[in-house]
Amino acid sequence: MNGRTPPLGDTGGLWQAVLAAAAGRCQCRGTCGKNHSKDGGRCPVSHGGYARHGTGPVSLLAAPSEPDGLLLPAHRAAALPKRELAAWCPACHDATRRTARAARQATAPAAGPDALF
């Protein structure tokens, strides 16, 4: 795990464990809206590598692996066990969150106004 500097809050090594399990590569398999077909069905972005469009080195996130889990408040997501987390590049993470939020809002009127929380 050379070259992987953990975030400041990673006192227990959870972020490093998630990245090690992901082999330092984003684990998105298309929930972001891209099929990643040119890369074997998985996002090609790796930690410390460069994203397209020259935005600089990428820092992967450890976040819930399920799209609905990405809508959890940060303090609840941080309490999840390692098996429920995945490595995400910022682009896939944000796109998957937007998609999950839109899907939840589409079903919210039928479920009532409290369904968003």
Side-chain angles (χ1 to χ4, degrees):
M1 295 199 325
N2 297 337
R4 293 188 188 150
T5 304
L8 292 175
D10 188 37
T11 56
L14 183 61
W15 179 82
Q16 287 192 354
V18 170
L19 255 62
R25 186 172 162 196
C26 178
Q27 292 180 294
C28 179
R29 296 202 175 268
T31 56
C32 66
K34 297 177 185 174
N35 61 10
H36 301 301
S37 62
K38 293 180 183 177
D39 303 300
R42 183 174 169 192
C43 179
V45 176
S46 60
H47 183 73
Y50 288 87
R52 295 180 181 119
H53 309 297
T55 57
V58 175
S59 294
L60 295 182
L61 310 165
S65 55
E66 296 298 319
D68 285 341
L70 295 176
L71 299 177
L72 290 173
H75 69 281
R76 289 191 49 208
L80 291 174
K82 182 180 83 170
R83 68 180 178 279
E84 294 182 28
L85 299 174
W88 294 88
C89 71
C92 288
H93 179 263
D94 292 345
T96 302
R97 267 182 71 199
R98 281 192 302 271
T99 303
R101 185 175 289 132
R104 183 176 279 187
Q105 288 176 346
T107 61
D114 294 332
L116 293 176
F117 302 103

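Hydrogens, waters and symmetry mates play no part in the numbers below; they use all other heavy atoms, side chains included.
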Any link between Val45 and Trp15 through a network of hydrophobic side chains (Ile, Leu, Val, Met, Phe, Trp, Tyr) touching at under 4.5 Å?
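Val45 clusters together with Trp15.
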Please check if Leu19 and Val58 belong to a single hydrophobic cluster, counting links between Ile, Leu, Val, Met, Phe, Trp and Tyr side chain heavy atoms closer than 4.5 Å.
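Yes, one cluster joins them.
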Show the nearest heavy-atom pair for residues Pro67 and Thr96, with the distance to one decimal.
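In this case the closest contact between Pro67 and Thr96 is CB-CG2, 3.8 Å.
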Where His36 and Gly30 come nearest, the two heavy atoms and their spacing:
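Smallest interatomic distance, heavy atoms only, reads CD2-N, 3.7 Å.
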Should [X] and [Y] count as side-chain neighbours, where that means a heavy-atom distance under 4.5 Å?
{"X": "Cys43", "Y": "Cys89", "result": "yes"}
{"X": "Pro64", "Y": "Leu80", "result": "yes"}
{"X": "Leu60", "Y": "Cys26", "result": "yes"}
{"X": "Asp39", "Y": "Lys34", "result": "no"}
{"X": "Ser65", "Y": "Gln27", "result": "no"}

Atom CD of residue position Glu66 - does it have more than 12 heavy atoms of other residues, nucleotides or ligands inside 6.0 Å?
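Counting other residues, nucleotides and ligands, CD of Glu66 stays at 12 neighbours or fewer.
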Take atom CZ of Arg42 as the centre, draw a 6.0 Å sphere, and report whether it contains more than 12 heavy atoms from other residues, nucleotides or ligands.
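Atom CZ in Arg42 is crowded, with more than 12 foreign heavy atoms closer than 6.0 Å.
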To the closest 0.5 Å, what do you measure between [atom1] ([X]) and [atom2] ([Y])?
{"X": "Arg97", "Y": "Leu72", "atom1": "CZ", "atom2": "CG", "answer": "10.5 Å"}
{"X": "Leu70", "Y": "Arg98", "atom1": "CG", "atom2": "CZ", "answer": "12.0 Å"}
{"X": "Leu14", "Y": "Lys82", "atom1": "CG", "atom2": "NZ", "answer": "8.5 Å"}

